[in-house]
Structure formats: structure tokens, C-alpha cells
Amino acid sequence: MLSMRMLRGVALLACLTLGACGSVDATPGGPVHTWTMTVTTGESSTWYQAAQRFADTLERESDGRMRLRVFTGEQLSAGDPAAGVEQLMSGDKDFSYNSTIIYAGIDPRFGAINAPFLYQNHEEADRAIAGGAREAYERLSAEFGVTMLGFGESGFRQVTNNVRPIRTPADLDGIKIRIPGIGLFTDVYRSLGANPTTMNFSEVFTSLQQGTIEGQENPMDVISSSGLAEVQEYLTIWNYVYDPLILGMNQELFDSLSTADQQLVLDAAQDANEFQVEANRRLEKTQVEEQSRLMEVTELTDDEVNRFRQAVRPLYDEYADVWGPALTDAVTPER
């Protein structure tokens, strides 16, 4: 009996021209795979560059048997990244780069690594990931039909606004700020006295321009590439949330591959992730310098960051049962 994956591949073969499905075709030289992958960002982003590198490596190392089409802006789910992750889980697409924050909208356990002020720098995040966080997220992803092929990163998230420079928790008081649509971020900003609200990111620029909201938070790549300096006056560098990207593959698809092809995919993914992380960190430094010429930039000292860390510390107790002890331990840095 044909598997559901193969039945779906046959039924949806014709829609490849629309980029909404994956398929497997038999050829005299062996199986030829035509796959789809999405990223949330545009072609100028390190996400897309790494995804395209992944595609090129797969095709080259498989002698053309593995062909991957990369789509920007969550095109296969009408711009909705959460719906895109659900497509990955169901097998309606094959690969994606998505933040753990998006996965947390499906199951809040994914948000453990996005806890506020968890990591002071990239080195702490790297140690935690190598020390057990990656394995913990591989197991968690597998519960949802996703084979995690490692972490890329969106980077540390910063905050911008039009009201005042933010240097202390009191400076956030009353600011209407757009946040991702998960409970953790709502609780973080409410605990700091801000007025958090959610909306599609596509609406953020206009909403800031019109004064519907006064601020937003995102990694530097998003802040820079979206031109938010045109509608924001103040940028605070506080590294309050580390935002990794899951390079995910539909688990049923991964399991259907030969051992050799699985290893080829794993090796290509490792190369793409290492490239993406390095490129993102290099670009992040440049973007902070560029934005400092466009907005008033406040870089918090360690003592100032610690005041925020202490202010949100009670949230760790509230979310302990949500994340669970194993995942919490896995993401906690050693200091």
C-alpha cells in the first residue's frame, strides 16, 4: 500500500508550478526529489541566502536528484508563518526556516529558549545549544512531525519606539508596542508596564507612521531591512530575547529517504546553518552602526540589563510548568 506521503505527492504533482507541494518521481537513475521550502523574510535576508545555499548544496551533492525551490515571505501560506509551520508538520510543504517564537504559537514549550534576558550574549546561547538545547528541541520538534536539521538564528531582539529612550523598566511605562502573538511576550511587556498589542508585521510600518502603535521589537535584520528608522526615533540595544531559527523538514519525508540521502540532507543543513549564523552576526554589527546614524541608539550596560532581568524574573516561575523541567534545564546557561 502506498504511504500517505506518496499518495499526496502524486495527487499534488501538478501544483509544483505554484510552489505549494513536494513530490518524488522515479527515474532510471534513482529517485528525483522536487521539494519546497519557505522563509519568512525576503531575498536580501541571511535566511534566504542560507536556504538557497542549502538548495544548491543538495542539488550539487545529489548529482541533481534533489531539487529545492525556496519561497520568500511565507508565500505558500499567504504570509502567515504559523500556518506555514502547520504546513510543514502536515507535509504540505517540505522544509522551512521558522523562529521558535512561531512554533511557540502552536505549543508554548517552544518558547523556553526565548525567555527574556536568558542569555547575555551569543557565546552563552551557543554553549546552551551545544550543551543540550539542540537535542531537547529535536525531541520536541519530532512530537509535531518535524525533523529539526539544526538551528540558524534571527538574532537578539531589540526594541524601537517614538516616545522616549528606554534605559530602565520605568521607561516602557504606557508605551503601546507591537509584539509577536504569544502569551510569553504579552506577559513580559505587561510586567514592564508597557501596553503590548499584536498585529501582522506587514501592518507595523503603517501603524507606526499613523501613530496606532508607538513601538515594536525585532532582531536588527528586520528593523534594518524594513526601514523602521523612517518611522521610529529611538532604538534600544538590550538583547532581551535570543531568537533561533529551526531548519525543519517534514519528518515523514525525512524518514522515507535512504540512510545515505538522510546524511546528505543533514550535512547540507549543517553547512547552511553555520553560514547563516555567521552571516547574521556579521551583519548585525554593521546594522547597529548604520541605525545609529538614523535613530537615537541606547546600548544598555550590564547593570541596566540586570534591572530588566530582575523585573521579569517572576515570569520564570509562572512558566516553569509550561516549559517543563527538562526543557528549562536544557536552555539555561551556565554562569
Visitor: Counting C-beta onward and ignoring hydrogens, is there a side-chain heavy-atom pair between Glu153 and His122 closer than 4.5 Å?
Guide: yes
Visitor: Check side chain to side chain donor-acceptor pair (under 3.5 Å) between Asn121 and all other residues, then give those that pass, not counting sequence neighbours.
Guide: none
Visitor: To the nearest 0.5 Å, how far apart are CG in Asn218 and CD1 in Ile179?
Guide: 11.5 Å
Visitor: Taking C-beta and beyond as the side chain, do Val146 and Gln251 meet within less than 4.5 Å on heavy atoms?
Guide: no
Visitor: Where do Gln87 and Thr38 land on the side-chain contact (heavy atoms from CB on, under 4.5 Å) test, with the steps shown first?
Guide: CA-CA 10 Å; Gln87 287 178 330; Thr38 59; 5.6 Å; no
Visitor: Cluster question for you: counting only ILVMFWY and a side-chain heavy-atom cut-off of under 4.5 Å, with indirect links fine, are Leu192 and Ile213 together?
Guide: no
Visitor: Hey, quick one: are Val331 and Val277 part of the same hydrophobic cluster, counting side-chain heavy atoms closer than 4.5 Å, chains of contacts allowed?
Guide: no
Visitor: Could you please spell out the steps behind the side-chain contact (heavy atoms from CB on, under 4.5 Å) verdict for Ile237 and Phe156?
Guide: CA-CA 9 Å; Ile237 305 298; Phe156 279 103; over 6 Å; no
Visitor: Strictly distance-based, threshold 3.5 Å: is any side-chain N or O of Asn162 a donor or acceptor partner for the main-chain N or O of Glu233?
Guide: yes
Visitor: Checking side-chain contact (heavy atoms from CB on, under 4.5 Å) for the pair Asn98/Phe110: CA distance, chi angles, key distance, verdict?
Guide: CA-CA 12 Å; Asn98 282 107; Phe110 281 98; over 6 Å; no
Visitor: Looking at side-chain heavy atoms only, is the closest gap between Arg127 and Pro333 below 4.5 Å?
Guide: no
Visitor: Verify whether one side chain among Asp171 and Thr168 offers a donor that lies under 3.5 Å from an acceptor in the other.
Guide: yes
Visitor: In terms of side-chain heavy atoms, does Thr72 have a donor or acceptor partner in Gln75 at a distance below 3.5 Å?
Guide: yes
Visitor: Anything under 3.5 Å between a donor and an acceptor, one on a side chain of residues 222-231, the other on a protein residue two or more places apart or in another chain? List them.
Guide:
| unit_1 | atom_1 | unit_2 | atom_2 | d |
| --- | --- | --- | --- | --- |
| Ser225 | OG | Asp221 | O | 2.7 |
| Ser226 | OG | Val222 | O | 2.8 |

Visitor: Can you check whether Met148 reaches Arg134 side chain to side chain, under 4.5 Å on heavy atoms?
Guide: yes
Visitor: Are Asp126 and Tyr119 close enough that a side-chain donor and a side-chain acceptor fall under 3.5 Å?
Guide: no
Visitor: Check for a donor-acceptor pair, side chain of Ser141 on one end and backbone N or O of Glu138 on the other, with a separation under 3.5 Å.
Guide: no
Visitor: Strictly by ring pair (Phe, Tyr, Trp, His ring centres under 6.0 Å), give each pair with a member in residues 172-225 just once, sequence neighbours left out.
Guide: Tyr189-Tyr240
Visitor: Whether Glu74 and Lys93 form a salt bridge (side-chain N of Lys/Arg under 4.0 Å from carboxylate O of Asp/Glu) is what I want to check.
Guide: yes
Visitor: Can you find a heavy atom in the side chain of Met220 that is under 4.5 Å from one in the side chain of Gln158?
Guide: yes
Visitor: Would you please name every residue forming a side chain to side chain donor-acceptor pair (under 3.5 Å) with Glu214, sequence neighbours left out?
Guide: none
Visitor: Is there a donor in the side chain of Ser90 and an acceptor in the side chain of Asp92, or the other way round, less than 3.5 Å apart?
Guide: yes
Visitor: Report yes or no: do Val312 and Leu172 belong to one cluster of Ile/Leu/Val/Met/Phe/Trp/Tyr joined by side chain heavy-atom distances under 4.5 Å?
Guide: yes
Visitor: Check side chain to side chain donor-acceptor pair (under 3.5 Å) between Thr212 and all other residues, then give those that pass, not counting sequence neighbours.
Guide: none
Visitor: Can you tell me if Asn250 uses its side chain to pair, donor with acceptor, with the backbone of Leu88 under 3.5 Å?
Guide: yes
Visitor: Output the distance between atom OG1 (Thr198) and atom CD1 (Ile177), rounded to the nearest 0.5 Å.
Guide: 13.0 Å
Visitor: Could you give the distance from OG1 (Thr160) to CD (Glu296), rounded to the nearest 0.5 Å?
Guide: 13.0 Å
Visitor: Looking at every non-hydrogen atom in both residues, tell me the closest pair between Ala55 and Val70 and how far apart they are.
Guide: CB-CG2, 4.3 Å
Visitor: Could you tell me the separation between the CD atom of Glu124 and the OG1 atom of Thr332, rounded to the nearest 0.5 Å?
Guide: 11.0 Å
Visitor: For the residue pair Gln120 / Asp302, report whether a side-chain donor-acceptor contact shorter than 3.5 Å exists.
Guide: no
Visitor: Testing the basics here: between Leu300 and Glu304, what is the closest heavy-atom pair and its distance to 0.1 Å?
Guide: CA-OE1, 3.3 Å
Visitor: Not counting sequence neighbours, list each pair that qualifies as a side-chain hydrogen bond (donor to acceptor under 3.5 Å, both in side chains) and has a residue in residues 99-113.
Guide: Ser99-Asp243, Thr100-Asn114, Asp107-Arg109, Arg109-Glu143
Visitor: Once the angle between the rings of Trp238 and Phe308 is folded into 0 to 90°, is it parallel (under 30°), tilted (30 to 60°) or perpendicular (over 60°)?
Guide: perpendicular
Visitor: Would you say the side chain of Ser62 lies within less than 4.5 Å of the side chain of Arg67, judging by non-hydrogen atoms?
Guide: no
Visitor: What's the spacing between Arg178 CZ and Glu217 CD if we round to 0.5 Å?
Guide: 7.0 Å
Visitor: How close do Ser207 and Met199 get, heavy atom to heavy atom, and via which atoms?
Guide: OG-SD, 3.5 Å
Visitor: Are the side chains of Tyr97 and Leu149 in contact, using a 4.5 Å heavy-atom criterion?
Guide: no
Visitor: Could you go through Met249 and Leu257, starting from their C-alpha distance and side-chain angles, then the distance that decides it, and tell me whether this counts as side-chain contact (heavy atoms from CB on, under 4.5 Å)?
Guide: CA-CA 12 Å; Met249 179 178 183; Leu257 300 179; 3.8 Å; yes
Visitor: Quick one: closest heavy-atom pair of Arg309 and Phe117, and the distance?
Guide: NE-O, 3.0 Å
Visitor: What pair of heavy atoms forms the shortest contact from Pro165 to Thr298, and how long is it?
Guide: CB-OG1, 3.9 Å
Visitor: Counting only N and O atoms by type, is there a donor-acceptor contact under 3.5 Å from the side chain of Ser256 to the main-chain atoms of Leu253?
Guide: yes
Visitor: Atom OG1 of Thr197 and atom CD of Gln216: how far apart are they, to the nearest 0.5 Å?
Guide: 13.0 Å
Visitor: Is it true that Glu284 and Asn280 share a donor-acceptor pair across their side chains at a distance under 3.5 Å?
Guide: no
Visitor: Do Arg65 and His33 have side chains that approach each other closer than 4.5 Å (heavy atoms only, starting at C-beta)?
Guide: yes
Visitor: Should Leu283 and Tyr48 be counted in the same cluster of Ile, Leu, Val, Met, Phe, Trp and Tyr side chains packed under 4.5 Å apart?
Guide: no
Visitor: Kindly work out whether a path of hydrophobic side-chain contacts (I/L/V/M/F/W/Y, heavy atoms less than 4.5 Å apart) joins Leu235 to Ile166.
Guide: no
Visitor: Determine the minimum heavy-atom distance between Pro116 and Leu184, stating which atoms define it.
Guide: CD-CD1, 4.3 Å
Visitor: Between Lys285 and Glu289, does any NZ, NE, NH1 or NH2 come within less than 4.0 Å of an OD or OE carboxylate oxygen?
Guide: no
Visitor: Take a 6.0 Å sphere around CD of Glu278 and say whether it holds more than 12 heavy atoms from other residues, nucleotides or ligands.
Guide: no
